[in-house]
Amino acid sequence: MKITLLQRDIVWGNAVENTKLADVAIKAAPKSDLYVLPEMFSTGFVSEPTGMAETENGCTLTWMKQVAAELDAAVAGSVPVATPEGFRNRFYFVKPDGTEVHYDKRHLFTYGGENKRYSAGEERVVVEFRGVRFMLSVCYDLRFPVWLRNQEDYDCLLTVASWPTVRLGAWNTLLRARAIENQCYVCGVNRVGTDPACEYSGGTMCIDAYGRDVAVCPSGEESAVTVELDMEKLNSFRKKFPVLKDRDVF
């Protein structure tokens, strides 16, 4: 399983331009099974989604489906979406056959006012694709280990984020902690650049189940890394050192 993690700058509020630039970046990357973009990659992190959020079958999702079909690969990332139940920070995982699975962000970022305008998701979502099981999560979710606890139902935690530079130390620590305690790969995809509220310097990386770096994007610049998940190695480690068998049940 090859995964490309795309550390992107984001043009504020311009979905057409952002998908155009993401399209170029994806097609310039090595051939992969999955391409992962940051949180709200089409707009930037918008705490006020009115006028920014798309419909449930909006232009960004349409573009994701087109790219997935063209490249015979999955495309993932979060988008602000207007639904009958309210606005959602929705993490789409789009497969090459045109089907999509989505996760609505559970832990809304109260400090940034996200909880005032968005509705929280209620369900954990695990996606199986080409023999790998992916747990979907968005930014602030990373701070809540009970929600992300591996119930022996996933192999890789995907976290997309708009995580500011000022709290990047926590990002680095939490990614490693989630990998070690859940005995899984963790792929964290963060943005770079600025928006009206914050500065972002990336920190996009893949961590293995030992808490070691597999690959890391350069700090502060648009870039991409392609990693290969070694499922044989992961399963061997889990069998030899069965941490998950001793987990607490919440």
Side-chain angles (χ1 to χ4, degrees), residues 1-105 114 117-121 123 125-130 132 134-139 158-162 187 189-191 193 195 204 222 224 226:
M1 168 67 69
K2 287 188 177 180
I3 304 177
T4 292
L5 311 178
L6 295 126
Q7 181 168 282
R8 306 292 306 149
D9 195 354
I10 300 171
V11 181
W12 181 252
N14 191 332
V16 172
E17 184 67 12
N18 286 316
T19 53
K20 178 181 176 181
L21 293 170
D23 193 90
V24 172
I26 287 173
K27 291 173 183 175
K31 173 63 178 172
S32 300
D33 297 289
L34 169 62
Y35 299 88
V36 188
L37 293 154
E39 178 183 22
M40 295 198 189
F41 70 89
S42 63
T43 58
F45 181 78
V46 289
S47 56
E48 174 48 75
T50 303
M52 293 271 211
E54 299 185 13
T55 63
E56 291 184 279
N57 292 293
C59 62
T60 299
L61 179 59
T62 298
W63 167 79
M64 294 173 79
K65 289 181 177 181
Q66 291 170 345
V67 174
E70 181 180 350
L71 299 182
D72 187 31
V75 180
S78 99
V79 179
V81 175
T83 77
E85 296 76 31
F87 293 111
R88 303 281 190 169
N89 185 343
R90 179 160 289 178
F91 186 175
Y92 285 115
F93 190 107
V94 180
K95 299 182 181 182
D97 65 0
T99 60
E100 60 91 358
V101 178
H102 65 258
Y103 161 73
D104 292 332
K105 185 178 181 181
E114 187 179 19
R117 299 294 291 138
Y118 290 84
S119 298
E123 296 182 5
V125 175
V126 175
V127 183
E128 194 280 332
F129 181 64
R130 294 182 178 170
V132 180
F134 295 95
M135 171 81 175
L136 307 185
S137 63
V138 180
C139 204
L158 289 183
T159 298
V160 298
S162 293
C187 292
V189 181
N190 193 28
R191 66 162 294 183
D195 64 19
T204 296
E222 288 190 305
T226 299

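Note that this is a predicted model, so its numbers are computed, not measured. Nothing fancy with the numbering, it's 1 onward along the sequence.
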| request: Could you tell me the separation between the CG atom of Leu6 and the CG atom of Leu21, rounded to the nearest 0.5 Å? | output: 12.0 Å

| Has the side chain of Arg88 got a donor or acceptor atom that lies under 3.5 Å from a matching backbone atom of Ala120? | yes

| said: When you compare the side chain of Gln66 with that of Val94, does any pair of heavy atoms fall below 4.5 Å? | reply: no

| Side chains of Thr60 and Thr19: do they bring a donor and an acceptor to under 3.5 Å? | no

| Rounded to the nearest 0.5 Å, what separation is found between the CH2 atom of Trp12 and the CE atom of Met52? | 5.0 Å

| field | Beyond-backbone contact of Glu222 with Arg8, side-chain heavy atoms, under 4.5 angstrom | value | yes

| Partners passing salt bridge (charged side-chain N to carboxylate O under 4.0 Å, His left out) against Asp97 (at least two apart in sequence or in another chain) | none

| query | About how many Å separate NZ of Lys2 and CZ of Arg130, when rounded to the nearest 0.5 Å? | reply | 12.5 Å

| Can you find a pair of side-chain heavy atoms, one from Val127 and one from Phe91, that are under 4.5 Å apart? | no

| message | A side-chain contact here means heavy atoms from C-beta on lying under 4.5 Å apart; do Leu158 and Leu34 qualify? | response | yes

| request: For Ala68 and Pro96, work out which heavy atoms get closest and say how close. | output: O-CB, 3.4 Å

| message | Checking Glu114 now: which residues fulfil salt bridge (charged side-chain N to carboxylate O under 4.0 Å, His left out) with it, not counting sequence neighbours? | response | Lys105

| query | Are any side-chain N or O atoms of Glu39 and backbone N or O atoms of Ser78, one a donor and one an acceptor, separated by less than 3.5 Å? | reply | no

| message | When you compare the side chain of Val160 with that of Phe41, does any pair of heavy atoms fall below 4.5 Å? | response | no

| message | Using a 6.0 Å cut-off, check whether atom CD of Glu85 has over 12 heavy atoms from anything other than its own residue. | response | yes

| request: Heavy atoms only: give me the nearest Ala82-Ala53 pair and the separation to one decimal. | output: N-CB, 3.9 Å

| field | Pairs flagged by salt bridge (charged side-chain N to carboxylate O under 4.0 Å, His left out) wherever residues 42-53 is involved - sequence neighbours left out | value | Glu48-Arg117

| said: So Met40 and Asn89, do their side chains get closer than 4.5 Å, heavy atoms only? | reply: yes

| message | Could you go through Phe129 and Val101, starting from their C-alpha distance and side-chain angles, then the distance that decides it, and tell me whether this counts as side chain to side chain contact (heavy atoms under 4.5 Å, CB included)? | response | CA-CA 11 Å; Phe129 181 64; Val101 178; over 6 Å; no

| request: Tell me, please, which residues at least two apart from Thr226 pass side-chain hydrogen bond (donor to acceptor under 3.5 Å, both in side chains). | output: Thr4

| Relative to the ring of Phe134, is the ring of Phe93 parallel (under 30°), tilted (30 to 60°) or perpendicular (over 60°)? | tilted

| said: Please find the pair of heavy atoms, one from Tyr103 and one from Ser137, that lie closest to each other, and give the distance. | reply: CE2-CA, 3.8 Å

| field | Residues which pass salt bridge (charged side-chain N to carboxylate O under 4.0 Å, His left out) with Lys27, listed by chain and number, not counting sequence neighbours | value | Asp23, Glu70

| field | Contacts of type salt bridge (charged side-chain N to carboxylate O under 4.0 Å, His left out), residue Glu56, not counting sequence neighbours | value | Arg90

| field | Working for side chain to side chain contact (heavy atoms under 4.5 Å, CB included), residues Tyr92 and Val75 | value | CA-CA 8 Å; Tyr92 285 115; Val75 180; over 6 Å; no

| Main-chain N/O of Asn190 paired to Thr204 side chain as donor or acceptor, under 3.5 Å | yes

| field | Minimum side-chain heavy-atom gap Thr43-Pro80 below 4.5 Å | value | yes

| field | N/O donor-acceptor pair under 3.5 Å between Asn18 side chain and Ile10 backbone | value | no

| said: Can you confirm whether Arg191 sits close enough to Asp9 that some side-chain heavy atom of one is under 4.5 Å from a side-chain heavy atom of the other? | reply: yes

| task | Kindly say whether Pro30 contributes a backbone atom to a donor-acceptor pair with the side chain of Ser32 at under 3.5 angstrom? | result | yes

